[in-house]
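Lettering follows sequence order; numbering is per chain, from 1. When reading the values below, keep in mind they use all heavy atoms of this one structure, side chains included, and skip hydrogens, waters and symmetry mates. Nothing here was measured: the structure is a model prediction, and the numbers come from that model.
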Amino acid sequence: MCGRYVLTSPPEAVAALFEISGDVPNYPPRYNIAPTQPVPVVHCGVDGTGPLKLSLMRWGLVPHWSKGPDSRFSMINARAETLASKPAYRGAFRYRRCLLPANGFYEWKALPKGPRQPYFIAMGDGGLIFFAGLWEHWLGPDGSELASVTIVTTGATGVVREVHDRMPVILCVDEGRDWISGAGGRQGLAELLDAPAPIGLTAVPVSRRVNDPTFDDPSCLEPSEG
DNA sequence: CCAGACGTTGTT
DNA sequence: GTCTGG
DNA sequence: CCAGACGTTGTT
DNA sequence: GTCTGG
């Protein structure tokens with residue numbers, strides 16, 4: 001699964017990769033992004049058309065039919081295997097696919113005994129990766145608005161498998177464009193959800209400081225004994 | 001038909 | 001809104 | 001994901 | 001144990 005991640009590349013770097021021209025949100029380097037927080041998302045319009053944008057959205061998808069924006073119905077992950085059949089995701093899967101830029105993510109490995117050991121999983125060169133996501137636009141009765149997002153997960157492969165059995169669907173820039181546009185049709189989307197994780201992912205055990213979401217600094221990446 | 005859920009993960 | 005369960 | 005709360009009333 | 005907040 002994916003319940004914490006890292007984004008240290010600046011917004012301008014993400015915008016350049018997707019040739020996004022308009023305003024971009026200004027966020028600092030993040031070492032411990034947690035659910036409920038605003039996160040940068042690459043997306044187009046609510047109806048699936050229009051130019052690409054980079055916007056902040058709340059991590060934890062609030063369905064448009066939800067009575068309130070509280071976290072009771074706030075999904076941080078969506079299973080790739082069942083996206084199309086789940087009522088809560090059907091509309092978003094059809095019209096509101098998106099990408100969450102990241103430089104890596106954390107998974108916790110269950111040990112024979114004792115607390116779970118966090119691992120940092122990233123490209124060896126620290127480069128940007130993109131999680132497949134879905135987003136929603138929620139309108140409150142009082143006119144309040146909220147854009148929210150969920151990360152699509154799949155079965156873990158490669159080095160991640162040693163740590164955990166689920167992981168985010170990771171796309172490169174070109175795959176990401178196709179995911180958002182739906183260029184390949186239903187079949188194309190299914191293939192993207194099944195795409196192998198990129199070559200070059202590494203998994204390193206890190207400090208348990210990351211456990212506390214109020215620690216959001218490079219110390220979260222300090223290697224530890226596995 | 002209406003009522004009630006609508007989600008994932010890990011752990012026991 | 002849409003699906004499932006009764 | 002993990003951490004931390006988990007409650008009400010009346011009074012200041 | 002289970003829910004909420006980050």
Side-chain angles (χ1 to χ4, degrees), chain A residues 1-7 27-28 30-40 46-48 56-96 100 102-122 131-141 145-146 148-156 160-170 193 203-217 219-222 224:
Chain A
M1 74 131 20
C2 184
R4 299 288 178 85
Y5 69 97
V6 170
L7 176 60
Y27 56 82
R30 296 293 310 279
Y31 296 88
N32 195 3
I33 298 173
T36 73
Q37 297 175 347
V39 295
V46 285
D47 58 354
L56 296 178
M57 299 187 187
R58 175 200 158 101
W59 182 13
L61 185 136
V62 177
H64 65 93
W65 39 258
S66 181
K67 297 252 199 291
D70 53 75
S71 53
R72 278 200 295 273
F73 264 104
S74 179
M75 297 77 149
I76 67 168
N77 292 146
R79 291 177 67 87
E81 298 90 327
T82 52
L83 276 192
S85 63
K86 297 290 184 184
Y89 299 135
R90 199 179 130 93
F93 180 48
R94 184 161 181 182
Y95 295 113
R96 289 175 295 281
L100 295 90
N103 295 88
F105 59 101
Y106 299 101
E107 297 286 358
W108 278 257
K109 181 175 184 169
L111 302 177
K113 62 172 203 154
R116 294 151 62 84
Q117 171 65 50
Y119 281 70
F120 179 59
I121 297 157
F131 303 145
L134 303 176
W135 68 282
E136 280 289 357
H137 189 247
W138 183 85
L139 280 170
E145 300 182 48
L146 179 72
S148 62
V149 65
T150 189
I151 295 174
V152 178
T153 64
T154 187
V160 186
R161 233 179 157 167
E162 308 301 315
V163 179
H164 197 70
D165 63 345
R166 304 288 300 173
M167 65 185 279
V169 171
I170 301 171
L193 289 174
V204 179
V206 291
S207 165
R208 286 195 175 87
R209 281 177 65 83
V210 71
N211 285 9
D212 186 337
T214 64
F215 290 136
D216 182 11
D217 58 57
S219 70
C220 294
L221 298 178
E222 281 172 15
S224 83

For E/dT4 versus B/dC6, give the span between their P atoms, rounded off to a whole number of Å. 15 Å
Rounded to whole angstroms, how far apart are CG on A/Leu61 and P on D/dC1? 17 Å
Contact class for A/Thr153 vs. all strands (heavy atom < 4.0 Å): base, sugar-phosphate, or nothing? sugar-phosphate
Have a look at A/Ile76 and say if it touches a base, only the backbone sugar-phosphate, or nothing, with a 4.0 Å heavy-atom cut-off. base
C1' atom, E/dT2 versus B/dT12: distance in rounded Å? 14 Å
Answer whether the closest heavy-atom distance between the side chains of A/Val39 and A/Leu56 falls below 4.5 Å. no
For the C1' atoms, the ones on D/dC2 and on B/dT8, what distance do you get once it is rounded to whole angstrom? 15 Å
Hits for salt bridge (Lys or Arg N to Asp or Glu O under 4.0 Å) against A/Arg58, two or more places apart or cross-chain, chain-then-number order -> none
When the C1' atoms of E/dG5 and B/dA3 are considered, how many whole Å apart are they? 31 Å
Under 4.0 angstrom, heavy atoms only, what part of the nucleic acid is A/Phe73 near: base, sugar-phosphate, or nothing? base
Let me know the distance between CD1 of A/Ile151 and P of B/dT8, rounded to the nearest Å. 14 Å
Could you list the donor-acceptor pairs under 3.5 angstrom formed by side chains in residues 110-117 of chain A, with sequence neighbours left out?
residue: A/Arg116; atom: NH2; partner: A/Trp108; partner atom: O; Å: 3.3
residue: A/Gln117; atom: OE1; partner: A/Arg208; partner atom: NH2; Å: 3.4
residue: A/Gln117; atom: NE2; partner: A/Val206; partner atom: O; Å: 2.9
residue: A/Gln117; atom: NE2; partner: A/Ser224; partner atom: OG; Å: 3.3

Give, for atom CZ of A/Phe215 and atom OH of A/Tyr31, the distance between the pair rounded to the nearest 0.5 Å. 16.0 Å
Any A/Arg116 side-chain nitrogen or oxygen under 4.0 Å from OP1 or OP2 of B/dT11: yes
ring-ring contact (aromatic ring centres under 6.0 Å, His included) pairs, two or more places apart, involving residues 72-96 of chain A: A/Trp65-A/Phe73
Assign A/Pro35 to base, sugar-phosphate, or nothing according to its heavy-atom contacts below 4.0 angstrom with the strands shown. base
Considering only heavy atoms from C-beta outward, does the side chain of A/Thr153 approach that of A/Arg166 to under 4.5 Å? yes
Nearest whole angstrom, please: distance from the P of B/dT8 to the CG of A/Leu134. 11 Å
Using whole Å, report how far CD of A/Gln37 lies from P of E/dG6. 9 Å
Carboxylate-amine/guanidinium contact A/Arg90 A/Glu136, below 4.0 Å: no
Is the backbone of A/Tyr119 close enough, under 3.5 Å, to the side chain of A/Lys109 for a donor and an acceptor to pair up by distance? no
Figure out the CG/C1' separation between A/Asn77 and D/dC1, and round it to whole Å. 9 Å
Would you indicate what A/Asp165 reaches in the nucleic acid, counting non-hydrogen atoms under 4.0 angstrom: base, sugar-phosphate, or nothing? sugar-phosphate
Report all interatomic pairs (protein N or O, nucleotide N or O of nucleotides 1-3 of chain C) with separations under 3.5 Å.
residue: C/dG1; atom: N2; partner: A/Trp65; partner atom: NE1; Å: 3.4

With the criterion being N/O to N/O and under 3.5 Å, what pairs connect the protein with nucleotides 3-7 of chain D, and how long is each?
none

Over how many whole Å does the gap from A/Arg30 atom CZ to E/dG6 atom P extend? 13 Å
Salt bridge or not between A/Asp217 and A/Arg209? Use side-chain N to carboxylate O under 4.0 Å. yes
Might you point out which heavy atoms bring A/Asp216 and A/Arg30 nearest each other, and give the distance in Å? OD2-NE, 2.5 Å
Dot-bracket assigned to DNA chain B with the 3.5 Å Watson-Crick/G-U criterion, [ ] for crossing and | for other-strand pairs, is ||||||......
Write down the distance between CZ (A/Arg166) and P (B/dT11), rounded to a whole number of angstrom. 15 Å
Which atom names give the shortest non-hydrogen contact between A/Cys220 and A/Tyr106, and what distance separates them? CB-OH, 3.4 Å
Atom CD1 of A/Ile121 and atom P of D/dC1 are separated, to the nearest Å, by 13 Å
With a 4.5 Å heavy-atom cut-off, do A/Leu100 and A/Ile151 have their side chains touching? yes
Is there side-chain contact between A/Thr36 and A/Trp59, with heavy atoms separated by less than 4.5 Å? no
Using the C1' atom as the reference point in each nucleotide, state the distance between B/dT9 and D/dC1 in Å, no decimals. 9 Å
